[in-house]
**Q** 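Okay, handing you the structure first.
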2 protein chains.
Amino acid sequence: MLTVTSVNVNGIRAAAKKGFVPWLAGSDADVVCLQEVRAEEAQIPDEARVPEGWHTVFAPAAAKGRAGVAVYTRREPERVRVGFGSEEFDTSGRYLEVDLPGVTVASLYLPSGEAGTEKQDEKYRFMGEFLTYLEGLRERAAAEGREVVVCGDWNICHREADLKNWKTNRKNAGFLPEERAWLGEVYDRAGYVDVVRALHPDTEGPYSWWSYRGRAFDNDAGWRIDLQVATPGLAARAVKAFVERAETHPERWSDHAPVTVVYEAGV
Amino acid sequence: MLTVTSVNVNGIRAAAKKGFVPWLAGSDADVVCLQEVRAEEAQIPDEARVPEGWHTVFAPAAAKGRAGVAVYTRREPERVRVGFGSEEFDTSGRYLEVDLPGVTVASLYLPSGEAGTEKQDEKYRFMGEFLTYLEGLRERAAAEGREVVVCGDWNICHREADLKNWKTNRKNAGFLPEERAWLGEVYDRAGYVDVVRALHPDTEGPYSWWSYRGRAFDNDAGWRIDLQVATPGLAARAVKAFVERAETHPERWSDHAPVTVVYEAGV
DNA sequence: CCTTCCAAG
DNA sequence: CTTGTAAGG
């Protein structure tokens, strides 16, 4: 049994003031992947940086207050790798991998982009390099007999069922045709599986992000952009998946909600 | 009878959320001079911008979110003047004058400075130009038979009794020998009177500003930098002066407290 | 320590 | 609308 949670904390310092720490203390997960930590390790309060019972590794961005990913594990990782071999992105606080027995777990924070701007070009550059990396990762993992799951904020919805207002967002970053096609490549060409969608093929959402603007959260006008993208062998072991909307964290300590998957032990 | 209050609000938008509006509603003053408004008029909520029963005039700074002075009066002013004829400072949101029958009331926000930096040079430039202006103002007012009071945050303490920690602040902006000497010139050469000190010659303070850092307020480690500097004829009419420390505005909607003087009617 | 700004999301 | 940063105080 392996329980993995992914959550974009939107600033761990702000989240720590609003309920992240008790949420983590109550979590049953074996691994928690964080995105948008937005702090250097030294700036994070102890309760969040070295919580009782967890090993934590951080990959902050070179730019202060930006991006930053982390992985919290109950057992110490066998190995830790920062970045994915990209000159442009390895110091941008967007990718971190840890090896646990038989499985590699990654925390990814893909650039959010903005249609028609240089930020979108950057997102496309990241996507290009990262897809190549994912293919190699799957091959290496297969050769070693290990599974992989890339958790994180992918900042892309694949299908209409993945966001409430898909019609009005067809020209917005996160649901552009090129982005959707790319995510299709991650599944069809690189051979990964969107675990939550595989378990819930016919549901709207479940959304994991709601804008702070307007009444997005109250209207459940959300996006399913926080994904667990796994190798088929691991995906086949997924027995349960859920998103913690307001019910379980009513304090709303982030604009994203935690996405959890329970993976069975053997095959 | 003329009651005049001066207060540095440290951002009128923040102050308005913390109690400035009810404080104003409960004020007995005829004139209230504000400093550090830190907003353009359009950004100020109505309750603070056009409060019931007041006429308000604003002199914002060209730089957004900086400085800014205002004068609130119960009767409409006869005339309003922004700045004091300085090319460098007239758009800096630091000086505003209104003429009321027989008396000119000004709201001043003197640069705070920082010892040994360009900011201190700017403060000295302001002080130089402003002293010249004050001399001319007193002469013109005398010729017209009018009195003058320049209310505001002067950002200088004249004497040791004007700040709690005078020993440790002798090399800090606000209590530098040159600044203290300059305030002496305002009194001795330009002929103005520090009204609150004239009424309370032998008291420590009363302080009107306490840093937000550390426990300055709780320890009453304050500075008396918010002054009413008047022509001798008006100063002679002052019958009462007080600073509203925590007692009367426990919400602490600014790091400064209002300084009020009651001036008798005739001479 | 607090209030603005701005960029980013 | 919220998070950081930075400057200013």
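Small disclaimer: the values here were computed from a predicted structure and weren't measured. Labels below follow one simple rule: chain letters A, B, ... track the order of the sequence lines, proteins then strands, and each chain is numbered from 1.
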**Q** To the nearest angstrom, how far is B:N172 atom CG from D:dG9 atom P?
**A**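 Taking CG of B:N172 and P of D:dG9, I get 15 Å after rounding.
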
**Q** Looking at D:dG9, C:dG9, D:dG4, which one has an atom nearest to any side-chain atom of A:A14?
**A**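 Among D:dG9, C:dG9, D:dG4, the one nearest the side chain of A:A14 is D:dG4.
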
**Q** Just how far is it from atom CG of B:L227 to atom OH of B:Y187, taken to the nearest 0.5 Å?
**A**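 That separation rounds to 5.0 Å.
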
**Q** Once you round it to whole Å, what is the distance between C1' of C:dA7 and CD of A:E114?
**A**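 Interatomic distance, CD of A:E114 to C1' of C:dA7: 11 Å.
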
**Q** Mind telling me whether B:W154 and B:W182 have parallel, tilted or perpendicular rings, with 30° and 60° as the class edges?
**A**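 Tilted.
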
**Q** Nearest to the B:K119 side chain among D:dG8, D:dT3, D:dT2, which nucleotide is it?
**A**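 So the side chain of B:K119 is nearest to D:dG8.
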
**Q** Taking only residues two or more places apart in sequence or in another chain, which ones pass ring-ring contact (aromatic ring centres under 6.0 Å, His included) with A:Y109?
**A**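 Listed in chain order: nothing, the list is empty.
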
**Q** Would you mind reading off the distance between A:E118 atom CD and C:dA8 atom P, rounded to a whole angstrom?
**A**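 After rounding, the reported distance stands at 11 Å.
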
**Q** May I ask you to say whether B:R224 pairs ionically with B:D194, meaning some side-chain N is under 4.0 Å from a carboxylate O?
**A**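 A salt bridge links B:R224 with B:D194.
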
**Q** Between C:dG9 atom C1' and A:L110 atom CG, what is the distance in whole Å?
**A**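 Rounded to the whole Å, the gap is 14 Å.
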
**Q** Does A:K18 put a side-chain nitrogen or oxygen below 4.0 Å from OP1 or OP2 of D:dT3?
**A**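 Checking D:dT3 against A:K18, a side-chain N or O does come within under 4.0 Å of OP1 or OP2.
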
**Q** Which ones in residues 151-164 of chain A lie close to DNA chain C, meaning a heavy atom under 4.0 Å from one of its atoms?
**A**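 Result for residues 151-164 of chain A: none.
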
**Q** If only side-chain N and O atoms of B:S211 are considered, is one of them under 4.0 Å from the OP1 or OP2 phosphate oxygen of C:dC1?
**A**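 For B:S211, the contact criterion (side-chain N or O under 4.0 Å from OP1 or OP2 of C:dC1) is not met.
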
**Q** Compare side-chain N and O positions of A:Q35 against OP1 and OP2 of C:dG9 and report whether any pair is under 4.0 Å apart.
**A**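 No, A:Q35 has no side-chain N/O under 4.0 Å of OP1/OP2 on C:dG9.
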
**Q** When you measure from the side chain of A:R38, which nucleotide among D:dG8, D:dT3, C:dG9 comes out closest?
**A**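 So the side chain of A:R38 is nearest to D:dT3.
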
**Q** Is there a donor-acceptor pair closer than 3.5 Å between any side-chain N or O of A:S107 and the backbone N or O of A:V69?
**A**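 Judged by distance alone, no pair lies under 3.5 Å.
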
**Q** Is a donor on one side and an acceptor on the other found under 3.5 Å between the side chain of B:Y207 and the backbone of B:A257?
**A**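 Here the side-chain-to-backbone pair does not exist.
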
**Q** Are B:N8 and B:W209 side-chain neighbours, meaning at least one heavy-atom pair lies under 4.5 Å?
**A**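 No; the side chains remain at least 4.5 Å from each other.
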
**Q** Quick one: on DNA chain D, does A:V37 or A:G214 contact a more 5' nucleotide (nearest heavy atom)?
**A**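 Mapping each residue to its closest nucleotide by heavy atoms, the 5'-most match is A:G214.
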
**Q** Go through residues 58-66 of chain A and report each residue with a non-hydrogen atom lying under 4.0 Å from DNA chain D, sorted by number.
**A**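 Correct list: A:K64, A:G65.
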
**Q** Round to the nearest Å and state the distance from A:F20 atom CZ to D:dT3 atom C1'.
**A**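 Rounded to whole Å, this separation is 16 Å.
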
**Q** Would you kindly give the NE2-to-P distance between A:H256 and D:dT2, to the nearest whole Å?
**A**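 Going from NE2 in A:H256 over to P in D:dT2 covers 14 Å.
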
**Q** Can you tell me how far C1' of D:dG4 sits from CH2 of A:W253, to the nearest Å?
**A**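 Between C1' of D:dG4 and CH2 of A:W253: 18 Å.
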
**Q** Would A:R94 pass as a cation-pi partner of A:F84, given that its NZ or CZ must be under 6.0 Å from the six-membered ring centre and within 45 degrees of the axis?
**A**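 Because its charged atom misses either the 6.0 Å distance or the 45° angle limit, A:R94 does not stack over A:F84.
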
**Q** Please report the C-alpha distance between B:Y133 and B:Y95 in whole Å, then the side-chain angles of each, then the deciding distance to 0.1 Å, and finally whether the ring pair (Phe, Tyr, Trp, His ring centres under 6.0 Å) criterion is met.
**A** CA-CA 11 Å; B:Y133 175 76; B:Y95 191 74; 5.6 Å; yes

**Q** Is the shortest side-chain N/O distance from B:R13 to OP1 or OP2 of C:dC5 below 4.0 Å?
**A**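 Yes, such a contact exists.
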
**Q** What integer distance in Å separates A:Y212:OH from C:dA7:C1'?
**A**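 About 17 Å, once rounded to whole Å.
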
**Q** Just by distance, do the side chain of A:R180 and the backbone of A:H158 share a donor-acceptor pair under 3.5 Å?
**A**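 Yes, because the side chain of A:R180 sits within donor-acceptor range (under 3.5 Å) of the backbone of A:H158.
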
**Q** Using the side-chain heavy atoms of A:N10, tell me which of these nucleotides is nearest: D:dT3, C:dG9, D:dG4.
**A**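 The closest nucleotide is D:dT3.
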
